[in-house]
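Everything below concerns the one structure shown next.
Quantities reported herein were computed from a predicted structural model and do not represent experimental measurements.
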Number of protein chains: 2
Amino acid sequence: MTNENGAGTRILIVDDEPQIRKLLRVTLAAHGYAVHEAGTGEEGVLQASMHAPELIVLDLGLPDLAGMQVLERIREWSGVPVIVLTAKDREEDKIAALDAGADDYVTKPFGMGELVARIRVALRHTVKSAEEPVIRSGNLAIDLAQRIVELNGERIKLTPTEYDLLKALASHAGKVVTQRQLLQQVWGSRHDEGDSHYLRIYIGHLRKKLEEDPSQPELIVTEPGVGYRFLIRE
Amino acid sequence: MTNENGAGTRILIVDDEPQIRKLLRVTLAAHGYAVHEAGTGEEGVLQASMHAPELIVLDLGLPDLAGMQVLERIREWSGVPVIVLTAKDREEDKIAALDAGADDYVTKPFGMGELVARIRVALRHTVKSAEEPVIRSGNLAIDLAQRIVELNGERIKLTPTEYDLLKALASHAGKVVTQRQLLQQVWGSRHDEGDSHYLRIYIGHLRKKLEEDPSQPELIVTEPGVGYRFLIRE
DNA sequence: GTCCATTTTTACGCTTTTTTTACACCTTTT
DNA sequence: AAAAGGTGTAAAAAAAGCGTAAAAATGGAC
């Protein structure tokens with residue numbers, strides 16, 4: 001087949017069986033997707049937060065974390081489409097996975113053509129609802145596509161961590177983003193608890209660069225005990 | 001099961017077999033969906049344009065129009081989610097249907113539970129922004145999604161414990177929530193008994209912040225010996 | 001190797017929140 | 001009428017959380 005339809009779309013494969021991983025990797029690469037891999041659930045969650053894939057293929061038969069837990073951990077902060085792959089054919093398992101946030105459930109043995117077709121379907125949904133990549137709040141503009149932040153029309157220089165943090169906040173504008181979610185998205189799943197220290201420091205950096213009066217923030221406000229909120233104001 | 005989750009969401013069934021139609025109709029109605037039916041492809045296309053359903057369940061084994069044509073006709077003007085239902089298990093058929101715009105492909109025989117779960121998945125994609133988990137009582141509004149509490153349009157500041165307690169009460173609005181339930185939900189399973197002390201203190205805090213006359217509560221009322229009740233009043 | 005920007009570590013003052021402690025009140029029971 | 005159990009305030013002490021500054025470590029570019 002060797003299509004080029006995938007056009008570099010990032011897909012993360014989480015599967016403990018090297019054979020299946022290889023099969024998937026080769027096939028998906030042949031369709032033009034950029035494939036990342038994880039052999040354990042733990043690594044899967046980490047990779048998901050690192051590479052921000054457009055889609056995840058998740059095998060439920062993992063050794064360390066139950067596949068369902070991986071799904072739940074990812075769903076805590078991301079809406080990325082997840083296609084569950086499994087040998088289990090029991091209806092309860094299907095229902096549980098789908099209700100936990102899976103977008104599709106494919107039972108082994110499966111045809112690669114079908115899987116790729118279902119991947120296309122899942123990706124169709126996200127492309128459909130792809131928002132405009134420029135977030136504005138007051139005199140601030142964040143261009144996710146170009147990775148550019150402008151304040152009063154002037155380009156603001158942000159370090160990678162600062163940008164990741166701002167992006168994590170701004171892409172959930174109006175809602176509270178918990179400290180755990182932020183830590184996971186910016187620093188990866190290892191620091192998902194207890195290290196809220198980093199957060200305070202970098203929130204401070206962002207405020208110093210973006211707020212008019214950093215001591216009285218109007219853009220990134222603190223929700224004590226919970227997290228932070230990025231406010232959109234006209 | 002007889003859930004009421006569907007909440008009147010319109011689903012169109014296109015199937016030529018009256019038995020399967022009936023099975024689907026009864027099951028989906030029991031889940032709270034508003035079901036419309038069509039026995040032929042021609043009628044299906046017509047009904048789709050008439051009722052503008054939120055989702056279509058389409059059987060490919062139709063007599064007049066090939067099911068695929070129905071799908072294509074619908075896709076000409078609508079992006080409504082379509083779940084294809086069929087006895088054909090050939091991979092090419094699946095791929096063809098999915099690429100023609102179907103959102104899922106379920107092979108007979110199938111479990112109704114799975115089908116309903118897949119319907120929920122398909123609806124999740126479209127209903128994303130339609131949800132409104134805002135609880136109102138008098139001049140109070142609790143927005144669970146944004147974690148915002150407003151009284152007379154003004155934002156009320158609540159500590160994490162206060163908010164958790166209010167959420168536990170309000171999400172069972174009208175019903176009594178026992179002290180044990182509250183302790184367990186807010187403080188965790190350790191304090192599930194005996195520590196009803198905390199409860200009284202924080203109920204007091206909430207009343208002071210939310211009630212007009214905290215000494216004569218109209219929002220959070222005490223059910224002596226049992227627990228507390230969050231009242232909804234227009 | 002040195003230099004630079006960035007990240008991580010370390011330290012501390014301050015505020016908010018939670019927990020503890022104490023006591024007054026009311027209703028029901030003895 | 002006194003005792004008992006459940007309830008509501010008010011204040012403390014203790015704990016946890018937040019924000020800033022600055023030093024140390026990391027890692028890449030040259």
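Between the side chain of Gln47(A) and the backbone N or O of Glu37(A) there is at least one donor-acceptor pair closer than 3.5 Å. The backbone N or O of Pro224(B) lies less than 3.5 Å from no partner atom in the side chain of Thr222(B), so there is not a single donor-acceptor pair. When atom types are taken as modelled, the side chain of Glu91(B) and the backbone of Glu114(A) share a donor-acceptor pair closer than 3.5 angstrom. A donor-acceptor pair is defined here as one N or O able to donate and one able to accept, closer than 3.5 Å; such a pair exists between the side chain of Lys209(B) and the backbone of Lys157(B). Between the side chain of Gln179(B) and the backbone N or O of Leu199(B) there is no donor-acceptor pair closer than 3.5 Å. Between the side chain of Thr86(A) and the main chain of Thr107(A), no donor-acceptor pair closer than 3.5 Å is present.
The nearest whole Å value for the distance from the CD atom in Gln216(A) to the C1' atom in dC18(D) is 16 Å. We find that CG of Leu165(B) is positioned 16 Å from C1' of dT19(C), with the value rounded to whole Å. What separates CG of Leu158(B) from P of dT18(C) is a distance of 10 Å, to the nearest Å. Atom CG in Leu206(B) sits about 11 Å away from atom P in dT18(C), given to the nearest Å. Atom NZ in Lys157(B) sits roughly 13 Å away from atom C1' in dG17(D) (whole-Å rounding). Atom CH2 in Trp187(B) sits roughly 16 Å away from atom P in dA16(D) (whole-Å rounding). Separating the CG atom of Leu199(A) from the P atom of dT20(D) is a distance of 13 Å, rounded to the nearest angstrom. His205(A) places its NE2 atom 9 Å from the C1' atom of dA21(D), with the value rounded to the nearest Å.
Listed candidates were dT8(C), dT20(C), dC18(D). Nearest to the side chain of Tyr198(B) is dT20(C).
Between Ser196(A) and dG17(D), a side-chain N or O to OP1/OP2 separation shorter than 4.0 Å is absent. At the phosphate of dG6(D), neither OP1 nor OP2 sits under 4.0 Å from any side-chain N or O atom of Gln179(B). Between Tyr202(B) and dT18(C), a side-chain N or O to OP1/OP2 separation shorter than 4.0 Å is present.
In the displayed structure, Lys22(A) atom NZ is contacted under 6.0 Å by at most 12 heavy atoms of other residues, nucleotides or ligands. By the 6.0 Å contact criterion, NZ on Lys94(B) is enclosed, its count of non-hydrogen atoms from other residues, nucleotides or ligands being greater than 12. Within 6.0 Å of the CD atom in Glu223(B), the count of heavy atoms belonging to other residues, nucleotides or ligands exceeds 12.
Of all the heavy atoms in Ile232(A) and Arg136(A), the pair that sits closest is CD1-O, 3.3 Å. Leu182(B) approaches Ala168(B) most closely through the heavy-atom pair CD2-CB, 3.8 Å.
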Grab the N/O contacts between the protein and nucleotides 28-30 of chain D below 3.5 Å, and write none if there aren't any.
none

Within the sub-3.5 Å range, which N or O atoms of nucleotides 8-15 of chain D have a protein N or O partner, and how far apart are they?
unit_1, atom_1, unit_2, atom_2, d
dG8(D), OP1, Arg207(B), NH1, 3.2
dG8(D), OP1, Thr222(B), OG1, 2.6
dG8(D), OP2, Tyr228(B), OH, 2.8
dG8(D), N7, Arg200(B), NE, 3.2
dA10(D), OP2, Lys208(B), NZ, 3.4

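Comment: Glu150(B) does not engage Arg155(B) in a salt bridge, judged by the lack of any side-chain N to carboxylate O separation of less than 4.0 angstrom.
Summary of helix geometry: the two end axes of the helix from dG1(C)-dC30(D) to dT30(C)-dA1(D), each defined by five base pairs via their C1' atoms, are inclined to each other by 30° (rounded to 10°).
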